[in-house]
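Some notes on the structure that comes next.
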Amino acid sequence: MLYYSTNRQITGVPLEEAVVKGLADDRGLFMPEHIPVLPAEFFDRIDTLSFQEMARTVAEAFFGEDVEADALRHIVDDTLAFDVPLVHIHNNIYSLELYHGPTLAFKDVGARFMSRLLAYFIRRRGQRQVNVLVATSGDTGSAVANGFLGVEGIHVYVLYPKGLVSPIQECQFATLGRNITAIEVDGTFDDCQRMVKAAFLDPELAHRLCLTSANSINVARFLPQSFYYFHAYAQLKRISSAQAANLVVCVPSGNFGNLTAGLFARRMGLPVKRFIAANNRNDVFLEYLRTGTYRPRPSVATIANAMDVGDPSNFARILDLYDRSHAAICADISGARYTDEQIAAAIRACLDATGYQLDPHGACGYQALVDGLAPGETGIFLETAHPAKFRDTVERITGCPVPVPPRLQAFMQGTKQSVPLQNDFEALKRYLLEAS
Ligand SMILES: *Cc1c(COP(=O)(O)O)cnc(C)c1O
C-alpha cells in the first residue's frame, strides 16, 4: 500500500518511509491510497473472533503488502497483550475501557504497534541503531517510552518540561532506564517541542544519529487504533445484535486521531451508524460542524487536559476523507462540548447512579451519549484513560478515594533517572552526539 499526503503534493510513498518520516515533506499527513473494505463474511462471524484474530485481519488489509505475514501477526499479537473490555454502564450506554495497557491510556495501542513495526523495518534493512526523539507534556512520553521499552535497535529520548508534568506522568517515563532516556528541560513544553523540531532539521544530527519521531500523527500510531472499534462492535453484538445494529460511538477528542481511526473502521465496513466527537472547552471542531468554518485558536487548560488542543492535527485527515465536504462530515459526525463544571457533574452523576468511576476525558464521552442518543440507539464511549491517572482531580470532584492499580503503583516506586538539560538546542545537540 502506498501513502499520499493530505496536502496532495506528495504521493506514492511506501509504508516504511511514511513511518520513519512521520510527516510528509509538504507538511501534510500521510493517508493510505485506498481503504480496504472487509468482506461481509468477516462481519457475520466477527463475534466469534478474538481481539487478536480480528485485529490481524484489519492489519493484514492495511499492512499485508508491506510486512511479512508472520512478522505482522507477531506485531499485532504483541501489541494487544492486554484486553479492551466493553463494560455496561446503564440502559443503552457502554464504556470501552482502553486503559488496561502498560501506561493506562489508549495511546498504548498505537505506541506499541509503531515501536514494533519500526523495529521490524530496522531489522529488515540490517540497520544500526535508530534514535527516537519525542517531546511530551505528559501522556505521550509515557506511551511512547513504554511502547519502545526493551525494543532492540531503538533508543528513545523523551524531552519534558521540568516541574510541569504530574508526578504520576513523570514516573511513567523517567524511571525506566534501559533504552529510554528522559531529558528534563529547564523550560516549558513549547521549548521542548522547539528543541525536538530543531534536532530534526539539523543535518549533522540527522546524519549521525538516524533520528525519527514517534509523533501521534504517524500512520503507524493512528491506523492500529481502528482495531478496537471492531472489538467494541463484536462485544456488543455478543450481548445483543439488535443493539449492535443501532450503534453510535462517542470519542473524547483532542487531536482527533482516535476518532479518525473510527472513521477508517467504518469505511472498512464496520456498521457504526454515526459518531459523536466529545470535546472540553477546546471546541474548534464543534464550531466547524456548526458554521462550516475552521478557526484554530490557542488551547485553554481544562481538567481533561489530554484534550486541550486548539488546532487538532488530524482535522486534515477528516477533511481529506470526506473530500472536504462539510455536509458529508456533518452527516456522520456530531459534536458536543463540556466545561470543567459539566465534566465534574458528569463524573459525580455517573458515580452516584451506577457506581462507575469515569476519568475526566471519558466523562465528556459519557455525557455526550446521555445528551445525544436518540430512542432505539445504543452508545459506546471510549474510556481513554484510567481515572487513577487523574487521581487528584477525580478525588476532589467525588470526595471518594480512587484506587491506584498495581502497575501504576509499580511505576511510582521506581527511581527517577532524568538527565537535566538547559533550555538550549546546542546543549541538546552536544548531549545527543556524546550519548549516542
Ligand atoms: C490523547 C488523549 C485523548 C485525545 O485523543 P486524540 O486522538 O488526540 O483525539 C483523549 N483522552 C486521553 C486520556 C488522551 O490521552
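No experiment lies behind these values; they were computed from the predicted model shown. We count ligands from 1, going down the list as the structure has it; atoms in each ligand are counted the same way.
- Checking side-chain atoms of Asp283 against main-chain N and O of Arg337 turns up no donor-acceptor pair under 3.5 Å.
- Closer than 4.0 angstrom to ligand 1 by heavy atom are Phe106, Lys107, Asp139, Pro252, Ser253, Gly254, Asn255, Phe256, Gly257, Asn258, Ala306, Met307, His361, Thr384, Ala385, sorted by chain and number.
- Asn131 places a side-chain N or O within donor-acceptor distance of the main-chain N or O of Leu209, the cut-off being under 3.5 Å.
- The pair Asp311-Arg297 does not meet the salt-bridge criterion, since no charged nitrogen lies less than 4.0 angstrom from a carboxylate oxygen.
- Here salt bridge (charged side-chain N to carboxylate O under 4.0 Å, His left out) pairs that include residues 353-363, with residues two or more places apart or in two chains, number zero.
- In this structure, Arg267 is positioned above the aromatic face of Tyr322, its NZ or CZ under 6.0 Å from the six-membered ring centre and within 45° of the axis.
- With a 6.0 Å cutoff to the six-membered ring centre and a 45° limit on the axis angle, Arg317 counts as a cation-pi contact of Phe222.
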